[in-house]
**Student:** 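Sharing a structure here in structure tokens format.
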Amino acid sequence: MSITYFRRLHYSRLPLRCLHTANSEPTSTSTPNLFSDPLFKSKVSELISNQHWSQLKDLIKPFNPTSFLEQLLDSGFDSSSILGFFRWSQFYQIYHHPLEHLCRVLVLLVNDKKYPKVRSLLHDFVKNGKTYTVSSVFHTLLTCSDNVCANSIIVDMLVLSYVNNGKLDLALEAFRRAGDYGFKLSVFSCKPMLKGVVKEGKFEVGELVYKEMIRRRIEVDLYTFNIVINGLCKAGKLNKARDVMEDMKVRGIMPNEVTYNTLIDGYCKRGGDGKMYKADALLREMTEQGVSPNERTYNTLIDGFCKDDNVGAAIKLFKETQLQGMRPDIVTFNSLIDGLFGDGKVDEALGLRAEMIRLGLEPNIRTYNVMINGFSKMKMFREAKELFDDVMKQGLDLNVLTFNTVIDAHSKAGKMEEAVALRELMLSKLICPTISTYNCLLGGYYRDGNVGAAKELLEEMEKKSVMTDLVTYNIRIDAMCKRGESRKAVRLLDEMSEKRLVPSHVTYNILMAGYCQDGNPKAAVTIRKRMEKEGKQPNIVTYNVLIKGFCQKDKLEEANALLNEMLEKGLVPNRITYDIIREEMIDKGFVPDIDGHLYKDTVNC
DNA sequence: TTAGGGTTAG
């Protein structure tokens, strides 16, 4: 039977609605049984296996591709040929086969254990195909196959495809609904899904997924535990993170250096009071458990100490690691240089930069950002500008943080014209300003007392639809308070709420400082109550602000009560507490004891 | 496959 004969036969017999229409939904399946003729079947098979698509296209031109595919599926063709035709017609001819046929092809491939092909087909389906709801895919799959194992493999790979194509919401929905349909997922899909969830900062969801994995008895491996622990640490749920580490041990999976490094980093960044003590205890624990700390462990701790205003401990650890033969890297030096600048030790910071160069480590853009910022914090604006110019000359890839840092340095130096010129420069380099860029400029205008320019900038931000953030409000609130408009500033809290911005400790502390500066510490206490109502406990700055406020009004009993409250809560007084506030109280007749408490000196009074 | 460093507000 010749091809020409077939064409004639089917052109004359097929109803018009059965003819091929690109992008169309299937119409009818009334095509006669094409493969009853062995010659035709063998011709089709040959064309598909040799990928002679143009010839095949001519041959099957009269037929509806969906009907043709259905007949391929019903006629015992091998899975590779069926997949070949499916892919060609679906992705190259842009013909949408019904979901049922996709499911049938998938089941066929899984039964043949052709898993890479299943993955690839699902990838293309998720990436380029029509978007179906998760329930329609699940439902269709069930109507095509009652093989629980095969179906589960397909759904598992579907979830993975959703994740790999950035469709995390669909992946999560599939994960949630899989159990209702009797599909069992594996760690192969759940792990990347968890990773994606944590990367997007959806820590609560990550925790739920983990719990659900345990409940459904999906195997959780070491890497997955580490992802879960990382998510909990980033969410600040350190106790839960530790519980998960204990849980993994119970399940026979021993924590490795990544587990410990993740937890140590969690404590360093979100460990609250005594965080570095806890982080250091974890270092000892890991060594006792036979897990060797590596460069990352020490870098994390060194950075933690630096940010905890304890650069001395950071340097001590740095020297210890060198004695152990560990080589510091660029991360170690960047953290230490930042810490030393923060502690006002400019010479030591510059010495470390020289040391890193001596060791053959080239400063990177982060090193320069840290240094420009360090000079700026020390009010060494000329040095900050010179370093920035030097970096420009070197042709290093400046990024938005470099510009934000140097813009901030200029705005702090009161050089607003140059700060604005730098914003123009960054635009000319196609570096897009961020909200931080605007915040640096805004802060500069307010510091200059140029409320008009600040207002214009805010209007420009509004016009350009730049999303203001928490820091923008803190800057505006601070500026209002400094102008003696604390009551007006409080009203901005409502505006923040409308924009779904949650005031931070800093916001409340600024407001309290404002009221205290106005000579009204009692009003500051009402702000404290509002903050506590929002679930935020006073921190060291809160106490410093309030104590200072009451001191300035000579309400020393109130100030002392707050100091005692702070100590009883285990908050460690900082330099400001000691140097400014406590000294003032001692001057006014209080006597310190060995615990740091103050007592009214009744003898001398 | 998992873990570390840089900007703006008190």
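None of the values given here were measured: they were computed from a predicted structure. Letters A, B, ... mirror the listed sequences (proteins, then strands); counts begin at 1.
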**Student:** Should A/Glu532 and A/Arg528 count as an ion pair when the cut-off is N to O under 4.0 Å?
**Tutor:** yes
**Student:** Less than 4.5 Å apart, side chain to side chain, heavy atoms only: is that true for A/Glu246 and A/Val250?
**Tutor:** no
**Student:** Side chain of A/Ser436 only, heavy atoms from C-beta on: which candidate in B/dT2, B/dT8, B/dG6 is closest?
**Tutor:** B/dT8
**Student:** Could you give the CZ-to-P distance, from A/Arg447 to B/dA9, as a whole number of Å?
**Tutor:** 6 Å
**Student:** Determine all donor-acceptor pairs shorter than 3.5 Å in which one atom belongs to a side chain in residues 417-432 of chain A; sequence neighbours excluded.
**Tutor:**
from     : atom 1 : to       : atom 2 : distance (Å)
A/Arg423 : NH1    : A/Glu460 : OE2    : 3.0
A/Ser428 : OG     : A/Leu425 : O      : 2.6

**Student:** Between P on B/dG6 and CG on A/Asp329, what's the gap in Å once rounded to a whole number?
**Tutor:** 14 Å
**Student:** Which ones in residues 226-243 of chain A lie close to DNA chain B, meaning a heavy atom under 4.0 Å from one of its atoms?
**Tutor:** A/Asn226, A/Ile227, A/Asn230, A/Lys234
**Student:** A/Arg476 versus A/Thr468: any side-chain heavy-atom pair under 4.5 Å?
**Tutor:** no
**Student:** For a quick check of understanding: with a heavy-atom distance under 4.0 Å over all strands, which category does A/Ile372 fall into, base, sugar-phosphate or nothing?
**Tutor:** nothing
**Student:** Please list, by residue number, the residues of residues 509-540 of chain A whose heavy atoms come closer than 4.0 Å to an atom of DNA chain B; answer none if no residue qualifies.
**Tutor:** A/Asn509, A/Ile510, A/Asn539
**Student:** Only pairs at least two apart or in different chains count here, so list each side-chain hydrogen bond (donor to acceptor under 3.5 Å, both in side chains) that has a residue in residues 515-526 of chain A.
**Tutor:** A/Ser486-A/Asp518
**Student:** Any side-chain N or O of A/Asn373 less than 4.0 Å from the OP1 or OP2 oxygen of B/dT8?
**Tutor:** yes
**Student:** Throw together a table of side-chain donor-acceptor distances under 3.5 angstrom for residues 262-271 of chain A, partners on residues two or more places apart or in other chains.
**Tutor:**
from     : atom 1 : to       : atom 2 : distance (Å)
A/Thr262 : OG1    : A/Val258 : O      : 2.5
A/Asp265 : OD1    : A/Lys269 : NZ     : 2.3
A/Asp265 : OD2    : A/Lys269 : NZ     : 3.3
A/Arg270 : NE     : A/Lys234 : O      : 3.2

**Student:** Is any side-chain N of the basic residue among A/Glu386 and A/Arg382 closer than 4.0 Å to the acidic one's carboxylate O?
**Tutor:** yes
**Student:** Any sub-3.5 Å donor-acceptor pair from A/Thr321's side-chain atoms to A/Met326's backbone N or O?
**Tutor:** no
**Student:** Going by the rule side-chain contact (heavy atoms from CB on, under 4.5 Å), which residues pair with A/Ala314 if we only count those two or more places apart in sequence or in a different chain?
**Tutor:** A/Ile302, A/Phe305, A/Cys306, A/Leu336
**Student:** Regarding A/Lys536 and A/Glu534, does a basic nitrogen lie under 4.0 Å from an acidic carboxylate oxygen?
**Tutor:** no
**Student:** In whole angstrom, what separates A/Ile302's CD1 from B/dA3's C1'?
**Tutor:** 15 Å
**Student:** Separation of A/Asn439 atom CG from B/dG10 atom C1', in whole Å?
**Tutor:** 15 Å
**Student:** Classify A/Val370 by what it touches in the nucleic acid, base, sugar-phosphate, or nothing, heavy-atom distance under 4.0 Å.
**Tutor:** sugar-phosphate
**Student:** A/Lys553: which residues meet the salt bridge (Lys or Arg N to Asp or Glu O under 4.0 Å) condition with it, sequence neighbours left out?
**Tutor:** none
**Student:** May I have all residue pairs that pass ring pair (Phe, Tyr, Trp, His ring centres under 6.0 Å) and include part of residues 394-424 of chain A, sequence neighbours excluded?
**Tutor:** A/Phe388-A/Phe403
**Student:** Can you list, in residue-number order, the parts of residues 401-419 of chain A that come under 4.0 Å of DNA chain B, counting heavy atoms only?
**Tutor:** A/Leu401, A/Asn404, A/Thr405, A/Asp408, A/Lys412
**Student:** Among all residues two or more places apart in sequence or in another chain, which pass the salt bridge (Lys or Arg N to Asp or Glu O under 4.0 Å) test with A/Asp303?
**Tutor:** A/Lys307
**Student:** For the residue pair A/Asn544 and A/Asn509, confirm or rule out a side-chain donor-acceptor distance under 3.5 Å.
**Tutor:** no
**Student:** Taking N and O atoms by type only, does the side chain of A/Asn364 place a donor or acceptor under 3.5 Å from a partner on the base of B/dG6?
**Tutor:** no
**Student:** How many angstroms lie between CD in A/Gln289 and CG in A/Asn256, if you round to the nearest 0.5 Å?
**Tutor:** 12.5 Å
**Student:** Would a 4.5 Å heavy-atom cut-off, applied to side chains only, mark A/Val525 and A/Phe550 as touching?
**Tutor:** yes
**Student:** Which ones in residues 244-262 of chain A lie close to DNA chain B, meaning a heavy atom under 4.0 Å from one of its atoms?
**Tutor:** A/Val258, A/Asn261, A/Thr262
**Student:** Return the residues of residues 191-201 of chain A meeting this criterion: a heavy atom under 4.0 Å from some atom of DNA chain B. Order them by number, or give none.
**Tutor:** A/Lys191, A/Lys195
